[in-house]
Amino acid sequence: MISGKIVSTEKEIVDFATVYLKDTNYGGTTNEEGIYHLKAPAGDYILVVSAIGYATVEKPVKLITGQRTKQNIVIASQTEELEEVVVVSNGVSRLKRSAFNAVAVDTKELQNSTKSLSDALAKAPGMKLRESGGVGSDMQLMLDGFSGKHVKVFIDGVPQEGVGSSFALNNIPVNFADRIEVYKGVVPVGFGTDAIGGVVNIVTNKKRRNWFLDASYSYGSFNTHKSYVNFGQTLSNGFTYEINAFQNYSDNDYKVDAPVKDFATGSLDTDRKERVKRFNDTYHNEAVVGKLGLVDKKWADRLLVGFTWSNMYQDIQTGVRQNTVFGAKYRKGHSLMPSLEYSKRDLLTKGFDLVFTANYNKNLTTNVDTSAYEYNWRGEQHLMNSRGEQSYQHTRSDNNNWNGTLSMNYRIGKAHVFTFNHVLNSFRRSNTSLLTNEELTDAIDKETRKNISGLSYRLMPSEHWNLSVFGKYYNQYVAGPMATSTTQQEFVRTSRSVNSMGYGAAGTYFVLPGLQAKLSYEKAYRLPTIEEMFGNEDLEMGDLGIRPENSDNLNLNVSYNKAFDKHSIYVEVGGIYRNTKDYIQRNITDLSGGKQAATYINYGKVLTKGFNLSARYSFADWVSVGGNYTEMNVRDNQQTAIGSGAENIAYKQRMPNLPYRFADSDVTFYWRNFLKKGNTLIATYDNQYLHSFTYYSSIIGSNKGEYVVPNQFSHNLTLSYSLCGGRYNLSFECRNFTDEKLYDNFSLQKAGRAFYGKFRIYLGN
């Protein structure tokens with residue numbers, strides 16, 4: 001046994017710190033007095049201590065059979081907001097000292113699975129993943145009633161706008177991240193973003209490691225292949241390099257229930273569905289991320305240059321509704337992105353920290369729709385009078401995206417922190433038609449520039465409470481073609497600028513040890529995205545004149561975390577309030593020939609009220625069980641119809657196509673030293689429940705099945721076996737083992753029962 005006390009350099013007790021033996025499953029947390037106890041087999045280990053707001057400490061220890069080893073540890077304060085170390089407790093935990101409504105998802109226990117980062121996020125309270133199909137399909141994150149573009153994604157604090165589909169969260173393997181931070185509603189200025197729904201921050205492992213190799217390969221249903229390799233090294237002189245590479249491939253040829261068009265009569269009976277196999281849905285992507293530079297120098301904690309390459313190919317099987325089927329339509333693209341990262345703590349003077357990042361993303365995307373045939377769900381062909389299954393095109397979009405972030409912290413003593421952040425994003429797209437022998441490039445480019453600045457002050461006089469106040473300034477410039485005629489054949493270049501000011505405050509108070517309350521408010525703005533303004537040159541139609549959203553966001557959370565003997569419990573309840581104006585809504589519009597596309601409009605006013613409930617219990621290192629429940633009441637708050645002034649018959653009705661009640665739970669069992677010392681067998685069962693909801697407003701929509709997403713309850717099993725202390729790992733998964741029919745978006749059906757296997761190896765020190 002090893003035990004001891006954890007205190008800060010200011011001689012304060014550090015309660016609920018994480019203490020574990022590196023590269024093993026032996027660990028725990030300190031109690032209210034900062035004391036920890038660990039039991040493990042005799043041997044030499046590295047003891048790791050981490051806590052929110054403190055630097056992580058690693059110390060060699062030796063455990064001797066039959067003896068109790070005492071090891072007290074002193075850890076130093078670390079107040080940089082984006083670099084807080086997370087207290088990990090059974091997969092999901094609270095960013096403890098943060099005043100913002102934030103949780104963290106630990107990915108370590110999922111790294112032997114075939115899950116993506118989006119799958120891991122499903123464990124966070126209030127989070128719902130919405131996909132339109134299988135591997136590589138369009139994906140949206142839904143957080144507390146807000147979805148898609150309301151929720152912004154970052155990697156190590158760097159915004160991921162315009163990076164391409166290869167870096168969508170459902171395409172990145174879970175091994176890529178050390179943890180995932182989720183900020184709900186009110187967002188710290190350190191992210192410099194215009195999110196209303198919240199922020200997802202992917203945090204990679206930045207701990208100094210001599211050398212390491214993490215590699216895996218998985219294979220499963222629908223001819224799905226996924227591989228990942230991450231290796232790097234840090235030399236004693238501070239020189240470091242790291243390579244991340246991953247790929248995904250799938251035929252996505254799972255079966256769905258869909259109406260089949262009769263080419264002989266030209267009829268499509270939407271009430272009569274057949275069980276058919278998807279046949280034009282192959283997807284693959286490849287990505288390589290390389291970084292090299294220097295760490296732990298007097299003039300720089302980190303100075304790294306990087307380079308990212310990615311490539312993708314995607315067959316397009318359906319339109320925005322499953323009634324429409326394509327047989328030869330596809331999309332492909334690749335991107336190149338150089339980057340720079342610099343950070344220094346105590347730059348020039350003690351207490352002043354600076355982080356600077358910059359990148360340039362060159363992305364080429366080609367949409368091809370040139371078939372002379374139309375297809376039905378049986379894969380049968382029918383010659384058309386003209387080419388193009390959706391719209392005749394062979395278009396290359398040249399996207400250029402610049403991004404820079406600057407974040408500065410100034411700490412005055414232990415109690416005061418000032419933070420300034422600025423983000424610059426610049427985007428330009430030119431479209432070229434490849435239908436003729438000579439390329440034809442559009443005369444008018446589509447471009448936007450976005451500047452967001454933020455300033456905050458945090459007061460933290462004691463460990464029991466802290467308060468943050470902040471202000472944000474938003475500026476956006478947009479320019480592009482606007483039609484001058486109803487035939488959409490003549491365009492002129494038009495431009496506009498918008499400016500807004502936001503503000504807010506957040507506070508937290510520890511009522512009792514382990515019992516924490518949080519309250520936050522923000523007058524938030526969300527600027528329209530590239531897709532909302534310009535579309536994607538295919539199935540998404542943008543609107544150059546769309547206005548920013550603004551919202552009053554209020555969050556209240558109470559959480560309780562308690563460890564006693566071998567037991568650990570965590571309970572959290574949170575309430576949210578969102579009063580949103582100029583709400584940007586994605587709608588489906590009918591085109592000629594019975595086809596559909598997606599459009600974006602400023603709907604008006606939307607009122608959101610809801611709550612989350614989370615609970616988790618663990619017994620020693622043998623079992624962990626927990627779950628989340630979310631209830632969101634998102635209502636149409638527009639009294640008069642947009643554009644006409646007439647009474648809005650959908651006033652006070654639920655907003656369409658939004659899940660409002662969903663839940664998940666899981667239980668994990670651990671068998672330590674199974675068959676051999678150092679080996680661990682882990683079995684996990686988890687499930688997801690989604691309550692029925694309608695595509696359209698319930699007062700005007702039909703109750704026919706095709707307009708309703710039914711109740712869904714899916715179940716998954718995972719069995720993994722780790723050998724030699726985690727060096728070699730085998731896992732087997734069965735997803736949706738009851739073969740439930742699953743839907744997220746309109747009538748687009750997801751995969752049924754599926755099986756996957758994975759092998760992973762980890763080497764290093």
Side-chain angles (χ1 to χ4, degrees), residues 114-119 129-141 153 160 163-174 176 216-228 245-256 258 276-288 308-322 324-335 363-369 371 375 377 379 389-390 395-397 531 536-540 598 733 735-736 742-746 748-752 754-756 758:
T114 62
K115 294 182 184 297
S116 64
L117 290 179
S118 60
D119 295 324
L129 168 66
R130 304 183 70 185
E131 291 182 295
S132 61
V135 175
S137 64
D138 293 337
M139 181 229 35
Q140 291 184 337
L141 293 174
V153 178
Q160 296 301 290
V163 296
S165 65
S166 287
F167 280 86
L169 293 183
N170 58 338
N171 291 329
I172 304 178
V174 71
F176 187 85
S216 63
Y217 169 77
S218 68
Y219 174 76
S221 298
F222 322 118
N223 196 27
T224 301
H225 304 257
K226 297 184 178 184
S227 58
Y228 172 79
F246 59 88
Q247 65 82 215
N248 301 283
Y249 175 92
S250 181
D251 291 338
N252 286 321
D253 56 349
Y254 58 90
K255 291 184 177 181
V256 298
V276 294
K277 180 183 286 190
R278 298 171 76 98
F279 59 91
N280 184 52
D281 204 18
T282 297
Y283 177 86
H284 68 82
N285 77 296
E286 302 81 31
V288 179
T308 300
W309 171 86
S310 65
N311 179 70
M312 63 79 66
Y313 174 89
Q314 182 179 21
D315 285 333
I316 310 298
Q317 179 71 90
T318 69
V320 293
R321 294 285 302 276
Q322 199 158 285
T324 304
V325 58
F326 303 130
K329 181 178 170 66
Y330 66 92
R331 180 181 299 129
K332 62 180 180 179
H334 66 270
S335 69
N363 178 279
L364 294 176
T365 301
T366 303
N367 287 290
V368 181
D369 187 3
S371 174
Y375 295 78
W377 270 109
E389 298 178 79
Q390 171 81 19
T395 304
R396 183 183 68 231
S397 297
E531 193 171 73
N536 68 351
E537 314 305 330
D538 190 16
L539 300 176
E540 303 283 331
E733 296 178 52
R735 298 193 186 181
N736 191 12
L742 303 178
Y743 306 85
D744 277 332
N745 298 310
F746 290 94
L748 300 177
Q749 191 171 347
K750 302 196 296 182
F755 300 92
Y756 301 95
K758 179 177 179 179

Closer than 3.5 angstrom, by distance alone: can the side chain of E389 be matched with the main-chain N or O of G327 as a donor-acceptor pair? yes
Which heavy atom in S221 sits nearest to a heavy atom in A754, and how many Å separate them? OG-CA, 3.4 Å
Between T366 and V368, the two heavy atoms sitting closest are CG2-CG2, 3.9 Å
Value for OG (S132) from CG (L748), rounded to nearest 0.5 Å, stands at 6.0 Å
Any side-chain heavy-atom pair of N367 and Q390 under 4.5 Å: no
So do the side chains of F222 and S250 get within less than 4.5 Å of each other, counting heavy atoms only? yes
Could you grab the distance from atom CG of N252 to atom NZ of K750, nearest 0.5 Å is fine? 12.5 Å
Applying side-chain hydrogen bond (donor to acceptor under 3.5 Å, both in side chains) to N223 and not counting sequence neighbours gives H225, D251
Could you report the tightest heavy-atom contact between Q314 and S137, atom names first, then the distance? NE2-CA, 4.2 Å
NZ/K115 to NZ/K758 distance, rounded to the nearest 0.5 angstrom? 11.0 Å
Between the side chains of N363 and T365, is a donor N or O closer than 3.5 angstrom to an acceptor N or O? yes
Which pair of non-hydrogen atoms, one from G319 and one from F326, has the smallest distance, and what is that distance? N-CE1, 3.6 Å
Interatomic distance, R130 atom CZ to N170 atom CG [nearest 0.5 angstrom]: 14.0 Å
Taking all atoms of both residues into account, what is the closest heavy-atom pair of N311 and G333, and its distance? OD1-O, 3.2 Å
Side-chain donor-acceptor pair present, Y313, D315, cut-off under 3.5 Å: yes
For a 4.5 angstrom cut-off between non-hydrogen side-chain atoms, does R278 reach W377? yes
Could you tell me whether a side-chain N or O of Y756 sits under 3.5 Å from a main-chain N or O of T224, the two making a donor and an acceptor? no
Quick one, D281 and D253 - any side-chain contact, counting heavy atoms below 4.5 Å? no
Who are the side-chain hydrogen bond (donor to acceptor under 3.5 Å, both in side chains) partners of S118, not counting sequence neighbours? S116
Evaluate the side-chain proximity of Q317 to V325: yes if any heavy-atom separation is below 4.5 Å, no if none is. yes
Answer yes or no: is there a side-chain heavy-atom contact under 4.5 Å between F246 and N285? yes
Check the angle between the aromatic planes of Y249 and H284 and answer parallel, tilted or perpendicular using the 30° and 60° thresholds. parallel
Pair N171-Y283, side-chain donor/acceptor within less than 3.5 Å: yes
Measuring from Q247:CD to S227:OG, what's the distance to the nearest 0.5 Å? 3.5 Å
Gap separating the CG atom of L129 from the CG atom of L117, nearest 0.5 angstrom: 11.0 Å
